[in-house]
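Everything quoted here is computed from the prediction, not taken from an experiment. A, B, ... follow the sequence lines: proteins, then strands. Residue 1 opens every chain.
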2 protein chains.
Amino acid sequence: MGRPRQTRQKAAVLAAVRSASRHPDARWVYEKVSQEIPNISLGTVYRVLASLSAEGLIREYSQAGGPSLYDPNVEDHIHIRCRVCGRISDVPPVTLSDELLEEVRRASAFAKVEQARLEFDGVCAPCAAKDHP
Amino acid sequence: MGRPRQTRQKAAVLAAVRSASRHPDARWVYEKVSQEIPNISLGTVYRVLASLSAEGLIREYSQAGGPSLYDPNVEDHIHIRCRVCGRISDVPPVTLSDELLEEVRRASAFAKVEQARLEFDGVCAPCAAKDHP
DNA sequence: TTCCATGCAAACGGTTTGCAATTCT
DNA sequence: AGAATTGCAAACCGTTTGCATGGAA
């Protein structure tokens with residue numbers, strides 16, 4: 001490996017991720033970028049997404065049982081997912097209390113405990129409105 | 001679909017999941033059960049695991065970027081994973097404060113917020129001992 | 001001129017599924 | 001008998017990779 005190079009494909013992929021109104025997956029990015037670079041390949045989209053992640057320009061958010069989503073917001077944050085429509089929104093980070101972490105440490109008998117992967121489910125406002133019209 | 005039937009395969013798969021010292025994946029269960037039922041197929045293992053989950057006898061825990069793990073502990077609990085060896089342990093459930101949930105609701109503009117997928121990383125005692133011998 | 005990035009297609013790992021044969025109840 | 005379950009193999013889906021070509025520096 002050497003230093004990353006600037007290419008048309010990379011710029012287009014980054015722009016696509018940034019332009020999305022929902023966190024997009026690789027296929028969505030591929031289809032979006034294809035409008036501008038019709039012969040780009042899915043493989044390239046995956047490689048570019050990985051290198052953008054490595055450079056810290058986007059974040060990969062891999063979900064169990066579905067394609068990874070890509071997030072142009074690289075600040076520390078957590079996610080909330082709508083149970084009804086599946087949409088994922090960003091939420092500012094939440095810090096758990098030291099007492100709670102200590103409780104977990106005792107219960108698990110682990111030597112060290114770090115908060116990770118805190119995620120919420122919920123129902124977004126539009127879906128709630130649909131359910132109670 | 002009708003009512004579930006009791007079969008040799010199902011009993012063996014359930015026993016295998018219960019006998020594991022770490023949360024096993026489908027392949028591990030397959031290899032374990034193969035000792036007893038040599039011609040069982042991986043497909044059957046998957047189908048049996050799914051039906052045991054549906055019957056509430058085990059829990060499927062699907063992780064991003066790896067095979068699903070199966071947990072004989074069906075009580076409500078969360079997981080802590082050792083950063084070093086990957087082992088996953090169970091921890092009693094942790095309840096987040098109402099204030100924190102309300103904070104998330106405000107920040108996300110969601111109509112309803114439910115706690116989900118709280119998971120910890122850490123270093124288990126054996127791994128910590130290895131690092132500081 | 002160097003060597004990273006690309007397009008293509010094949011391979012991959014985990015999981016699911018269509019089918020005919022089997023086995024519970 | 002009748003329906004659920006099995007074994008087998010092929011299909012599936014998201015993702016990665018080998019290779020020859022193209023393009024940024």
Side-chain angles (χ1 to χ4, degrees), chain A residues 1-17 20 22-55 57-71 81 86 88, chain B residues 1-17 20 22-71 86 88:
Chain A
M1 252 185 277
R3 5 196 107 44
R5 229 166 240 187
Q6 177 184 331
T7 66
R8 199 154 106 75
Q9 288 80 345
K10 196 174 209 172
V13 165
L14 181 53
V17 173
R22 308 166 61 135
H23 301 151
D25 62 17
R27 176 144 244 107
W28 186 96
V29 172
Y30 169 68
E31 273 154 19
K32 176 87 175 178
V33 173
S34 289
Q35 297 169 5
E36 191 187 336
I37 309 178
N39 68 329
I40 194 173
S41 72
L42 230 200
T44 294
V45 169
Y46 274 106
R47 276 185 287 227
V48 168
L49 287 169
S51 89
L52 289 172
S53 281
E55 293 170 57
L57 293 172
I58 63 175
R59 281 183 54 151
E60 178 174 357
Y61 169 64
S62 52
Q63 31 170 26
S68 287
L69 305 183
Y70 297 89
D71 191 339
R81 175 203 318 257
I88 288 173
Chain B
M1 249 186 279
R3 9 197 104 41
R5 233 167 237 187
Q6 175 184 331
T7 66
R8 201 154 105 75
Q9 290 81 345
K10 196 174 211 172
V13 165
L14 180 55
V17 172
R22 310 166 59 135
H23 301 151
D25 62 16
R27 174 144 249 106
W28 186 96
V29 172
Y30 169 65
E31 273 154 19
K32 176 86 175 178
V33 173
S34 289
Q35 297 169 7
E36 193 187 333
I37 309 177
N39 68 331
I40 194 173
S41 72
L42 230 201
T44 293
V45 170
Y46 274 107
R47 276 184 289 225
V48 168
L49 287 169
S51 88
L52 289 173
S53 282
E55 293 170 56
L57 293 173
I58 63 175
R59 280 184 55 152
E60 178 175 357
Y61 169 64
S62 51
Q63 31 171 25
S68 287
L69 304 183
Y70 298 88
D71 192 340
I88 289 174

So which atom in A:I37 and which in A:A12 form the shortest heavy-atom distance, rounded to 0.1 Å? CD1-CB, 4.0 Å
Is A:Y46 near enough to D:dT16 that one of its side-chain N or O atoms lies under 4.0 angstrom from OP1 or OP2? no
Give every pair of a protein N or O atom and an N or O atom of nucleotides 22-25 of chain C that lie under 3.5 Å apart, one pair per line with the distance.
residue: C:dC24; atom: O3'; partner: B:Q6; partner atom: O; Å: 3.3
residue: C:dC24; atom: O2; partner: B:R5; partner atom: NH1; Å: 3.0
residue: C:dC24; atom: O2; partner: B:R5; partner atom: NH2; Å: 3.3
residue: C:dT25; atom: OP1; partner: B:Q6; partner atom: N; Å: 3.4

Could you walk me through whether A:Q63 and A:L69 pass the side chain to side chain contact (heavy atoms under 4.5 Å, CB included) check? CA-CA 7 Å; A:Q63 31 170 26; A:L69 305 183; 3.9 Å; yes
Starting from P on D:dT17, measure out to CG on A:L42 and report it in whole angstrom. 15 Å
Between B:T44 and A:G43, just flag the one whose closest nucleotide in DNA chain C comes earlier from the 5' side. A:G43
Could you tell me how far apart B:Y30 (OH) and C:dG13 (P) are, to the nearest whole angstrom? 16 Å
Please confirm whether any donor atom in the side chain of B:R47 sits under 3.5 Å from an acceptor in the base of D:dG7, or the reverse. yes
Scanning both residues in full, the closest heavy-atom pair of A:S62 with A:S68 reads CB-OG, 3.2 Å
Roughly how many Å is it from CD1 in B:I40 to P in D:dC8, rounded to a whole number? 10 Å
Nearest-angstrom distance from the residue atom CZ of A:R27 to C1' of D:dC13: 9 Å
What integer distance in Å separates A:Q63:CD from D:dC13:C1'? 13 Å
Among D:dG7, C:dG7, C:dT15, the nucleotide that comes nearest once only the side chain of A:N39 is considered: C:dG7
Give the rounded distance in Å between these two atoms: CH2 of B:W28 and C1' of C:dG14. 18 Å
Ignoring backbone atoms, establish whether A:S68 has a side-chain N or O less than 4.0 Å from OP1 or OP2 of D:dT15. yes
Closest heavy-atom contact between A:A26 and A:L42? O-CD2, 4.3 Å
Using side chain to side chain contact (heavy atoms under 4.5 Å, CB included), reason through B:K10 and B:E55 one step at a time and then give a plain yes or no. CA-CA 12 Å; B:K10 196 174 211 172; B:E55 293 170 56; 2.5 Å; yes
Could you give me the CA-CA distance, side-chain angles and deciding distance for B:V17 and B:L57, then say whether side chain to side chain contact (heavy atoms under 4.5 Å, CB included) is met? CA-CA 10 Å; B:V17 172; B:L57 293 173; over 6 Å; no
In whole angstroms, how far is the C1' atom of C:dT16 from the CD atom of B:E60? 12 Å
At their closest point, which heavy atom of A:W28 faces which heavy atom of A:A16, and how far apart are they? CZ3-O, 3.6 Å
Between C:dG14 atom C1' and B:L49 atom CG, what is the distance in whole Å? 13 Å
